[in-house]
Amino acid sequence: MSNAAKIKWAATILISICIYLIPVNEVFTFEMRAFLVATVFSLSLAAFELVPNMLVGLLLPVLYVILGAAPVNTALGIWSGSFMIFMVIGGMIFANILDESGLLQRIVLWAGTKCKGSFAKILYALLIAGLCVMLMTFTNGWMVTLVLCYGVVKALHLENTKEGILIMIVGQIVSTAALNFVYNPVVPALWGNGVKMAVPDFEMAGWATMVYNLPLTIIQFIIVFIFIKLYKPAKTINGGQEYFETEYGKLGKLTVKEKKTVVLVVLLFAYILLQPIHKLDANYGFILIPMLAFLPGMDIATRKKSLDNVNLGFIVFIASCMGIGTVGGAVGIGPAISTYVTPLLAGCPKPVFLFLCIIFGIVMNVLMTPSAMQGMFPGPLAALGTGLGIAYPALPFMAMFFANDMVFFPYENAYLLVMFGFGVMSMKEFMKYNIIKMGITLVLFWVLVLPWWYLLGLI
């Protein structure tokens, strides 16, 4: 075991023991202490990557029961109280179906053919096409865009050039920043359940991040524009237009499989948009419509590529993280946080608090994974935010999660680790452009995001 691993194990165990040694009272109850010990210990295992996430997901609800934080029906309530976990699985399957059909690759390559050799147009085409892929796959198609961005860099021999770096910056935006403003059914389930720790009757709408974080979409285009000015790439790239036209030409005409996939996409979006009319649970669409791809005569997807590639370990981990809010609400952790911490923030302006949430996210992103952050912080931040008078309880964590794309090192986000692994840039270049991008985002948060939130009455 390395010294770093020893330190992480020691920190995980000692912090948990310290929490367990805190005396209980009328406010800090036995159940609350057991909840914190189980949650901090399990999520520390995930944050420090000491054991696989699937094992963390299995361990967390068991610890809740063993330590006395909650009975079995509460600890596992996320599995029996709704179809959310089935929806998560269905969404992953649907993303694999779209990838297997070839439709996603066609969208990105088609966009590239419209660039007429202009490098700036190539960047914007990749950005727009990548965001479309993320929207169609409910943020599960990040790898498609990363691979295609790298394919462009490789084909045009742009490794370790400013043009290659700019292309991969677009890949980073699509794979990470887009998680803040592209519809993902897991987000309202995960964040919403966390906020219920502090606000029991809170329900997070599926469209919330798309509407409330709309300025972030504009910010990404501004970032690309600024980097084009900073890096001053070549106006045209030799072979750029030919590459897209050649690769797109290899796909041929739209296949029958792709046409059937388009129908499924339309069906799913129609089901979601018409939910106020048909009144059926939105989760059902993600469960039933992907099944159509496997019916006789459809021939869109195969078990090997679309089913066997589903990450079951991630599903177990996400389910347990969703359960944190349920158990935390049951033990009264939200009101306790408000009682103890809110007085310390007395007089703190709400915009400053939200900005500090982002800074806190940047720091925590160095120490733990985005998944662990989503499990641990929506409830506590909601308690603090509502104590300060913020109208929308999920807003503080929404601000904190901006840090998902504001990093110093590749290891802070698994998607970026994959991107950096392609070897297009040095660590120095990676850190340089990410620090610049971080600064731009923090400035534009004050200029665009906060005024939008005030306009919508969220603050």
Side-chain angles (χ1 to χ4, degrees), residues 70 73-91 138-139 179-214 268-288 315 318-335 337-338 350 354 357 371 373-401 452-453 455-459:
N73 62 329
T74 302
L76 295 178
I78 195 67
W79 290 94
S80 59
S82 71
F83 284 99
M84 281 191 292
I85 301 305
F86 285 39
M87 173 269 294
V88 173
I89 299 172
F138 310 105
T139 74
L179 299 178
N180 290 287
F181 55 82
V182 174
Y183 173 65
N184 178 357
V186 176
V187 166
L190 186 56
W191 299 7
N193 274 277
V195 171
K196 285 182 179 179
M197 183 189 303
V199 186
D201 59 347
F202 176 76
E203 294 291 338
M204 187 174 181
W207 46 261
T209 52
M210 294 187 69
V211 175
Y212 298 159
N213 289 341
L214 182 62
L268 183 55
F269 276 98
Y271 181 89
I272 295 170
L273 294 174
L274 297 176
Q275 196 274 334
I277 298 175
H278 58 65
K279 307 294 183 183
L280 295 174
D281 192 329
N283 294 330
Y284 299 163
F286 289 91
I287 299 168
L288 299 175
I315 292 167
I318 287 296
S320 292
C321 287
M322 288 179 181
I324 292 173
T326 303
V327 178
V331 303
I333 194 71
I337 291 173
S338 296
K350 289 182 282 188
L354 293 171
C357 287
S371 296
M373 289 166 58
Q374 292 181 84
M376 183 177 290
F377 294 115
L381 289 179
L384 297 176
T386 52
L388 291 174
I390 291 176
Y392 189 64
L395 201 63
F397 184 75
M398 200 176 288
M400 179 185 179
F401 201 66
W452 178 250
W453 284 352
L455 182 65
L456 296 179
L458 303 178
I459 300 177

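Residue indices begin at 1 and follow the sequence shown.
Atom OG1 in Thr139 sits 5.5 Å away from atom CG in Leu179 (nearest 0.5 Å). To the nearest 0.5 angstrom, Phe397 atom CZ is 6.0 Å from Met400 atom CE. With rounding to the nearest 0.5 angstrom, the CG atom of Leu456 is 10.0 Å from the CG atom of Leu395. Rounding to the nearest 0.5 Å gives a distance of 11.0 Å between OH of Tyr284 and NE2 of His278.
Thr74 contributes no side-chain N or O that, together with a main-chain N or O of Ala70, makes up a donor-acceptor pair within less than 3.5 Å.
The ring of Trp452 has its center no closer than 6.0 angstrom to the ring center of Tyr212.
Listed by chain and number, the residues in a side-chain contact (heavy atoms from CB on, under 4.5 Å) with Pro396 are Phe353, Leu354, Cys357, Leu381, Ile390 (sequence neighbours excluded). Remark: Pro188 pairs with Met204 by the side-chain contact (heavy atoms from CB on, under 4.5 Å) rule, at least two apart or across chains. Evaluation of the ring pair (Phe, Tyr, Trp, His ring centres under 6.0 Å) rule for Phe202 yields Tyr392 as partners, not counting sequence neighbours. Judged as a ring pair (Phe, Tyr, Trp, His ring centres under 6.0 Å), and not counting sequence neighbours, the contacts of Phe138 are Tyr183, Phe269, Phe286. Partners of Asn193 under the side-chain hydrogen bond (donor to acceptor under 3.5 Å, both in side chains) rule, at least two apart in sequence or in another chain, do not exist in this structure. For Thr209, the side-chain hydrogen bond (donor to acceptor under 3.5 Å, both in side chains) criterion is met by no residue, not counting sequence neighbours. For Trp453, the side-chain hydrogen bond (donor to acceptor under 3.5 Å, both in side chains) criterion is met by no residue, not counting sequence neighbours. With sequence neighbours left out, the ring pair (Phe, Tyr, Trp, His ring centres under 6.0 Å) criterion links Trp79 to no other residue.
For the pair Met197 and Pro378, the minimum side-chain heavy-atom distance is 4.5 Å or more.
Residue pairs meeting the salt bridge (charged side-chain N to carboxylate O under 4.0 Å, His left out) criterion with at least one partner in residues 373-401, sequence neighbours excluded, do not occur; the list is empty. Sorted by first and then second residue, the salt bridge (charged side-chain N to carboxylate O under 4.0 Å, His left out) pairs involving residues 186-199 (not counting sequence neighbours) are Lys196-Glu203.
Few gaps surround OH on Tyr271; more than 12 heavy atoms of other groups in view lie less than 6.0 Å from it.
Partner of Phe181 under the side-chain contact (heavy atoms from CB on, under 4.5 Å) criterion, chosen from Leu214, Asn213, Val211: Asn213.
Heavy atoms only, all atoms of each residue included: Ala319 and Ile78 are closest at O-CG2, 3.4 Å.
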